[in-house]
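A short worksheet on the structure shown next.
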Amino acid sequence: MELHELTIAAAGRLLRRREISAVELARAHLGRIEALDPGIGAFLTVTAEEALAAAAAADRRIAAGDAGPLTGIPLAVKDVLCTRGVRTTCGSRILEHFVPPYDATAVRRLRQAGAVILGKLNLDEFAMGSSTENSAFQVTRNPWDPSRTPGGSSGGSAAAVAARLCLGALGSDTGGSIRQPASHCGVVGVKPTYGRVSRYGLVAFASSLDQVGPFGRTVEDAALQLAAIAGRDPADSTSADAPVPDFAAALGRGVRGLRIGIPAEYRAAEGLDPEVGRAVEEAVATLERLGATAVPVSLPHTRYAVAVYYVIAPAEASSNLARYDGVKYGLREPGGGELLAMYKRTRGRGFGPEVRRRIVIGTYCLSAGYYDAYYGKASQVRSLIVRDFEEAFRHCDAIACPTAPTPAFRIGEKAGDPLTLYLADIFTIPANLAGIPAVSVPCAFSAAGLPIGLQLLGKAFDEETILRLAHALEGERGLFRRRPC
Ligand code: GLN
């Protein structure tokens with residue numbers, strides 16, 4: 001078998017038996033990035049030298065008998081996570097030359113586990129978008145069909161894993177940015193429970209919604225990465241002190257007796273491609289054959305979720321992005337001696353159109369006289385959405401629905417139509433608003449050969465149940481064996 005076809009789990013076993021070396025594995029992937037990434041555009045920065053040094057260190061660690069499941073495994077990181085000494089752009093001109101002096105906690109934990117970081121992955125600017133077309137630097141193409149987007153905002157992460165440029169990757173998910181690109185690229189993506197993974201060093205978009213999470217080609221690979229990055233971090237006061245289970249060990253427990261909630265409202269969702277609807281129904285039927293039971297549930301307030309999110313997320317973003325003022329970080333455009341002119345030019349030229357749109361919307365929603373009508377109201381409706389899930393989870397152990405209403409769309413197809421793009425976040429946004437975990441797992445391919453993802457949502461801090469279900473489905477379908485040509 002070729003090295004880039006290995007899963008993290010399999011590569012880890014071969015490394016620990018010393019049948020392959022970490023240096024050899026890193027070289028194989030760096031070679032693929034060089035050969036294939038010009039056609040995909042997943043990487044913004046490749047850190048070949050650092051990767052080879054980390055791989056050599058991993059080989060020494062393995063020789064010393066001190067290896068864990070990620071030691072020597074080549075991974076890559078969305079360019080919204082700070083990497084010490086390596087530029088972190090957030091896909092934005094305003095941070096084009098920003099070199100953080102520290103690692104994000106998730107990155108630091110991967111390094112401590114012995115992972116080999118190959119580089120930084122493309123994204124929509126400041127993670128705002130669903131197609132990776134909002135990057136200031138490059139378009140990322142979907143490995144299954146290069147005329148299509150990989151989804152977003154973690155499109156570089158999903159495309160890199162699908163194209164076998166790395167064995168796994170980290171992304172961030174504020175309203176679907178891990179799950180939706182995972183669905184479009186035929187890989188597994190996990191949005192952990194809010195607080196499960198430290199946000200320290202994750203450049204903030206909407207702080208009450210943001211979570212860091214993994215991409216893998218299999219559920220086990222995602223679980224191994226999640227276990228490495230999860231857990232309390234004193235540097236992030238919102239990180240939870242909950243015990244971190246052995247996620248990968250939970251996978252083998254099967255799904256017998258688990259109740260899968262099917263939300264009535266999601267079936268009739270507007271814009272749902274019938275092919276996706278059928279794929280999800282078949283996936284649930286498969287899980288039922290394996291011993292799970294489908295039960296009807298109701299999430300009556302999720303029809304407001306998109307509206308609520310597109311008030312709360314821009315409001316928090318407008319506040320978080322105030323720090324890019326030409327003084328503290330990154331780009332500064334001279335203002336001819338005028339402070340205000342310097343601010344205006346820096347922010348006008350440094351931010352792209354989507355980020356500017358969000359700042360304008362968010363600032364408006366937070367302004368005196370409108371705060372109660374927009375931000376206050378959205379926060380109230382958010383509580384109703386949280387309660388919907390609490391009620392639903394009294395009747396089921398997980399909820400199944402599509403990840404995205406359609407398979408991957410064409411590059412440019414929706415670029416001029418932000419509202420259509422926002423509406424397509426309908427299935428992913430509720431989990432962020434409620435802070436619950438969710439996974440996207442490949443469940444079918446469309447007639448056109450495009451991957452379709454099933455989304456499973458779980459109770460807070462119960463990633464294990466949704467990962468078990470995803471793993472069971474994956475085992476039945478075997479779709480992870482398919483690869484883009
Ligand atoms: N598509 C959503 C947005 O544009 C979600 C982005 C994300 O999760 N970072 O805001």
Side-chain angles (χ1 to χ4, degrees), residues 77-81 90-92 121-135 140 149-158 169-184 189-192 194 197 199 202-215 271 305-321 351-362 365 378 382 402-406 408-409 414-415 417-440 453 455 457:
V77 174
K78 185 179 185 180
D79 209 17
V80 73
L81 286 155
C90 296
S92 181
L121 297 161
N122 197 27
L123 68 157
D124 286 301
E125 185 175 3
F126 284 104
M128 297 175 192
S130 309
S131 65
T132 315
E133 293 168 288
N134 295 339
S135 167
T140 299
T149 86
S153 66
S154 314
S157 304
L170 293 187
S172 66
D173 192 312
T174 305
S177 279
I178 292 175
R179 292 158 285 157
Q180 184 258 23
S183 173
H184 286 347
V190 182
K191 183 206 93 74
Y194 186 81
V197 179
R199 291 181 296 111
L202 167 69
V203 176
F205 164 9
S207 308
S208 76
L209 303 163
D210 298 339
Q211 264 296 287
V212 180
F215 288 88
V306 172
V308 166
Y309 172 89
Y310 280 97
V311 170
I312 291 179
E316 294 185 14
S318 74
S319 162
N320 276 325
L321 268 54
F351 292 133
E354 182 61 29
V355 174
R356 291 205 300 270
R357 181 182 295 120
R358 306 264 180 133
I359 291 173
V360 170
I361 295 174
C365 292
R382 182 179 185 174
T403 305
T406 67
F409 44 90
K414 299 188 182 178
D417 186 1
L419 187 60
T420 308
L421 266 189
Y422 297 172
L423 290 171
D425 292 337
I426 169 80
F427 297 117
T428 48
I429 278 174
N432 301 79
L433 291 172
I436 58 177
V439 56
S440 179
Q455 184 180 210
L457 300 95

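Atoms within a ligand are numbered from 1 in the order they appear, just like the ligands themselves.
Between A127 and ligand 1, at least one pair of N/O atoms sits closer than 3.5 Å. An N or O contact shorter than 3.5 Å is missing between F205 and ligand 1 by distance. Any N or O atom pair closer than 3.5 Å counts here, and S172 shares no such pair with ligand 1. Taking only nitrogen or oxygen atoms, main chain and side chain alike, D173 does not reach within less than 3.5 Å of ligand 1.
Side-chain N or O atoms of R382 include one that pairs as donor or acceptor with a backbone N or O of L433 at under 3.5 Å.
Considering I178, L202, V197 in turn, V197 is the only one that fulfils the side chain to side chain contact (heavy atoms under 4.5 Å, CB included) rule with Q211.
For an aromatic pair to be called close, the ring centres must be under 6.0 Å apart, and Y310 with Y422 satisfies this.
Annotation: side chain of K78 is not in contact with side chain of L170 (no heavy-atom distance under 4.5 Å).
Looking from atom 3 (C) of ligand 1 to the surrounding protein, the closest heavy atom is Y310 OH, 3.2 Å. Given atom 2 (C) of ligand 1, the protein heavy atom at minimum distance is D425 OD2, 3.2 Å. For atom 1 (N) of ligand 1, the nearest non-hydrogen atom of the protein is S130 OG, 2.8 Å. Nearest protein heavy-atom neighbour of atom 10 (O) of ligand 1: Y309 OH, 2.7 Å.
Looking at S177 against ligand 1, both its backbone and its side chain come within 4.0 Å, counting heavy atoms. Of the heavy atoms in R179, none comes closer than 4.0 Å to ligand 1.
In terms of heavy-atom proximity, R358 sits nearest to F205 at NH1-CZ, 3.5 Å. Here the closest heavy-atom approach between residue D210 and residue T174 is recorded as OD1-OG1, 2.6 Å. Of all heavy-atom pairs spanning G271 and T406, the tightest one is O-CG2, 4.1 Å.
Heavy atoms of Y422 stay at 4.0 angstrom or farther from ligand 1. Contact annotation: R358 has at least one heavy atom less than 4.0 Å from an atom of ligand 1. The closest approach between A313 and ligand 1 stays at or above 4.0 Å for every heavy atom of the residue.
With rounding to the nearest 0.5 angstrom, the CG atom of D79 is 8.0 Å from the CG atom of L121.
The atoms of ligand 1 that sit less than 4.0 Å from any heavy atom of G129 are 1 (N), 2 (C), 3 (C), 4 (O), 6 (C).
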